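One structure is given here, and the rest of the page talks about it.
One-based numbering, in listed order, for ligands and for the atoms of each. Please read these numbers as outputs of a predicted model, since none were measured by experiment. Residue numbers count from 1 along this sequence.
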Amino acid sequence: MRVLVTGGAGFIGSNFVRHVHRERPDWEIVVYDLLTYAGDARSVEGLERVELIQADICNEASIDAAVAATDAVVHFAAESHNDNSLHSPWPFVSTNLIGTYQVLEAVRRHGRRLHHISTDEVYGDLELDDPQKFTPQTAYNPSSPYSSTKAGSDLLVRAWVRSFGVQATISNCSNNYGPYQHVEKFIPRQITELLDGRRPKLYGTGENVRDWIHAEDHSSGVLAILERGQIGETYLIGADGERNNREVVALILRLMGHEPDAFDHVNDRPGHDLRYAIDASRLREELGWRPSYRDFEQGLAATISWYREHEAWWRPQKRETEARYRVLGR
Ligand code: NAD
Ligand code: DAU
């Protein structure tokens with residue numbers, strides 16, 4: 001098996017590459033990544049049987065050649081940060097929509113298996129007291145330029161399955177945490193702010209709820225779907241990890257030896273989604289998937305240790321990220 005992993009030098013893609021490298025020792029892995037500000041070749045360096053192609057998924061000739069030379073494609077590559085999409089939406093339209101179109105056309109031409117990675121944000125948000133979580137039947141209702149382009153990419157995949165018989169599956173996952181996540185994202189931003197002697201920054205009231213899952217568990221879910229999922233189906237991936245942002249900040253502060261209220265409130269994100277929550281029954285029942293990280297506090301403590309021990313990895317991202325946030329008043 002030779003698998004092409006688009007976006008494999010990003011946060012979740014690189015966690016998936018290491019997961020597959022460990023769990024499938026006879027597979028060859030080709031990482032196809034443009035190495036934008038969010039990608040880092042060091043996240044996958046030193047692994048045997050892993051090759052890196054630095055190229056754009058929007059480049060028809062490059063993605064075509066790479067797809068032709070592999071058996072299956074797992075498509076992680078995307079612009080992934082909501083705050084950036086509110087400031088500058090074009091890269092999201094280009095990579096998430098046009099890039100996914102080029103991936104679909106390449107797998108169609110060469111008859112390759114595709115697994116498309118998406119997000120729970122395509123479903124919009126839930127009220128805090130809504131008893132119903134997101135399911136594969138929930139209507140699409142995205143809020144931001146990021147989530148609307150991800151929703152559009154899912155619809156393209158569905159159309160290519162139905163109209164052209166492309167052999168594809170889709171997964172929509174909740175918020176990931178773990179090692180190798182860019183410091184622009186919530187959890188690594190707060191950890192690295194504290195390591196730099198500054199206070200965590202909470203958007204708005206901090207009541208917004210996210211459903212946290214470790215990137216390792218997202219990876220095992222994706223591998224199960226790639227190998228045993230039904231073509232044309234959508235699987236939701238989540239580990240019942242709902243917490244509001246205030247609770248997460250208080251936990252990070254406690255685990256790092258600070259008072260739980262030693263944070264600052266900053267400007268809220270425009271159109272900020274209130275709550276996400278995933279019902280992963282199909283993945284659990286049909287494919288027997290189970291998360292291995294069941295204790296968020298333990299997973300978070302391990303993630304804090306990783307950032308403490310890997311300053312050389314995150315330091316180059318930090319100054320520019322905080323400069324961008326200062327412009328946004330966040
Ligand atoms: P990330 O921003 O950390 O990584 C994205 C990767 O894609 C980077 O390595 C980047 O260089 C690469 N890339 C961007 N544009 C490209 C292009 N045009 N051509 C080739 N490569 C390009 O993102 P992430 O958080 O790891 O998310 C990966 C995928 O998972 C995305 O599709 C995202 O929508 C989805 N997802 C993320 C989460 C989450 O919590 N982070 C949750 C659910 C789904
Ligand atoms: O739900 C899945 C999605 O999760 C993925 O599709 C996205 O790619 C990923 O970025 C993530 O989106 P969010 O917008 O939920 O993640 P982010 O890390 O940006 O923010 C998480 C929550 O924390 C959100 O409610 C905003 C808040 N926040 C964020 C930052 C960066 C803060 O309160 N302070 C901050 O400094």
Side-chain angles (χ1 to χ4, degrees), residues 5-16 31-41 43-44 53-59 62-63 74-86 91-92 94-96 98-100 102-103 116-123 125 134 142-144 146-147 149-150 153-154 171-178 180-190 193 200-213 215 218 222 237-238 243-246 248-249 263-269 272-278 321-322 325 328 330:
V5 182
T6 73
F11 164 45
I12 308 173
S14 65
N15 275 277
F16 178 75
V31 171
Y32 185 103
D33 198 299
L34 185 56
L35 300 180
T36 67
Y37 81 96
D40 193 330
S43 303
V44 287
I53 298 173
Q54 183 177 0
D56 192 338
I57 54 168
C58 298
N59 182 320
S62 302
I63 191 68
V74 184
H75 176 37
F76 287 92
E79 285 291 335
S80 69
H81 192 38
N82 274 296
D83 289 325
N84 294 344
S85 82
L86 293 162
F92 291 75
S94 173
T95 289
N96 300 358
I98 298 171
T100 299
Q102 293 295 1
V103 170
H116 174 65
I117 303 294
S118 192
T119 168
D120 58 359
E121 297 195 16
V122 300
Y123 300 115
D125 58 356
F134 298 138
S143 317
S144 72
Y146 163 66
S147 53
T149 55
K150 289 300 292 186
S153 71
D154 294 8
S171 56
N172 298 79
C173 188
S174 60
N175 283 64
N176 285 222
Y177 72 99
Y180 297 99
Q181 186 169 30
H182 195 282
V183 297
E184 68 188 354
K185 302 290 180 2
F186 179 49
I187 288 178
R189 185 183 187 204
Q190 313 315 331
E193 283 296 89
K201 289 154 184 75
L202 200 58
Y203 291 180
T205 62
E207 280 179 344
N208 308 66
V209 171
R210 296 295 183 265
D211 189 353
W212 293 100
I213 180 172
H218 186 179
V222 169
I237 309 180
R243 302 246 175 175
N244 77 33
N245 295 339
R246 228 178 17 236
V248 175
V249 161
F263 61 83
D264 293 326
H265 288 280
V266 295
N267 288 342
D268 206 353
R269 173 186 285 171
H272 195 173
D273 279 344
L274 185 55
R275 173 179 166 233
Y276 308 135
I278 287 276
T321 301
E322 289 307 317
Y325 277 126
L328 301 175
R330 292 204 279 278

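Donor-acceptor pairing under 3.5 Å is lacking for the side chains of Asn82 and Asp273.
You'll find the ring centres of Tyr180 and His182 outside the 6.0 Å limit.
Counting all heavy atoms, side chain and backbone alike, Tyr276 lies closest to Asp211 at O-CB, 3.6 Å.
Using bins of under 30°, 30° to 60° and over 60° for the plane-to-plane angle, the ring pair Tyr325/His81 lands in the perpendicular bin.
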Name each N or O atom in ligand 2 that is under 3.5 Å from a protein N or O, and give the partner atom and the distance.
residue, atom, partner, partner atom, Å
ligand 2, 1 (O), Asp120, OD1, 2.5
ligand 2, 1 (O), Asn175, OD1, 2.7
ligand 2, 4 (O), Asn175, OD1, 3.3
ligand 2, 4 (O), Asn175, ND2, 3.1
ligand 2, 6 (O), Thr119, OG1, 2.7
ligand 2, 6 (O), Tyr146, OH, 2.6
ligand 2, 8 (O), Ser80, O, 2.8
ligand 2, 8 (O), Tyr146, OH, 3.0
ligand 2, 10 (O), Ser80, O, 3.3
ligand 2, 12 (O), Glu121, OE2, 2.8
ligand 2, 14 (O), Asn82, ND2, 3.0
ligand 2, 14 (O), Arg269, NH1, 2.6
ligand 2, 15 (O), Asn175, ND2, 2.9
ligand 2, 15 (O), Arg210, NE, 2.7
ligand 2, 18 (O), Phe186, N, 2.9
ligand 2, 19 (O), Arg269, NH2, 2.8
ligand 2, 23 (O), Asn245, ND2, 3.4
ligand 2, 25 (O), Arg210, NH2, 3.3
ligand 2, 25 (O), Asn245, ND2, 2.8
ligand 2, 25 (O), His272, NE2, 2.7
ligand 2, 33 (O), Tyr203, N, 2.8
ligand 2, 34 (N), Lys201, O, 2.8
ligand 2, 36 (O), Arg189, NH1, 2.8
ligand 2, 36 (O), Gln190, NE2, 3.1
ligand 2, 36 (O), Lys201, O, 3.4

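A search for ring-ring contact (aromatic ring centres under 6.0 Å, His included) contacts involving Tyr177 returns His214, Phe296, not counting sequence neighbours. Remark: Arg275 pairs with Glu242 by the side-chain hydrogen bond (donor to acceptor under 3.5 Å, both in side chains) rule, at least two apart or across chains.
Contact check for Glu207 versus Arg246: side-chain heavy atoms found under the 4.5 Å cut-off. Between Ile213 and Asn176 the shortest side-chain heavy-atom distance falls below 4.5 Å.
Near ligand 1, residues Gly7, Ala9, Gly10, Phe11, Ile12, Asp33, Leu34, Leu35, Thr36, Ala38, Gly39, Ala55, Asp56, Ile57, Phe76, Ala77, Ala78, Ser80, Thr95, Ile117, Ser118, Thr119, Tyr146, Lys150, Cys173, Ser174, Asn175, Asn176 each place a heavy atom inside the 4.0 Å sphere around the ligand atoms.
Ion pair Glu121/Lys150 not flagged as a salt bridge, since none of the NZ, NE, NH1 or NH2 atoms sits closer than 4.0 Å to an Asp/Glu carboxylate oxygen.
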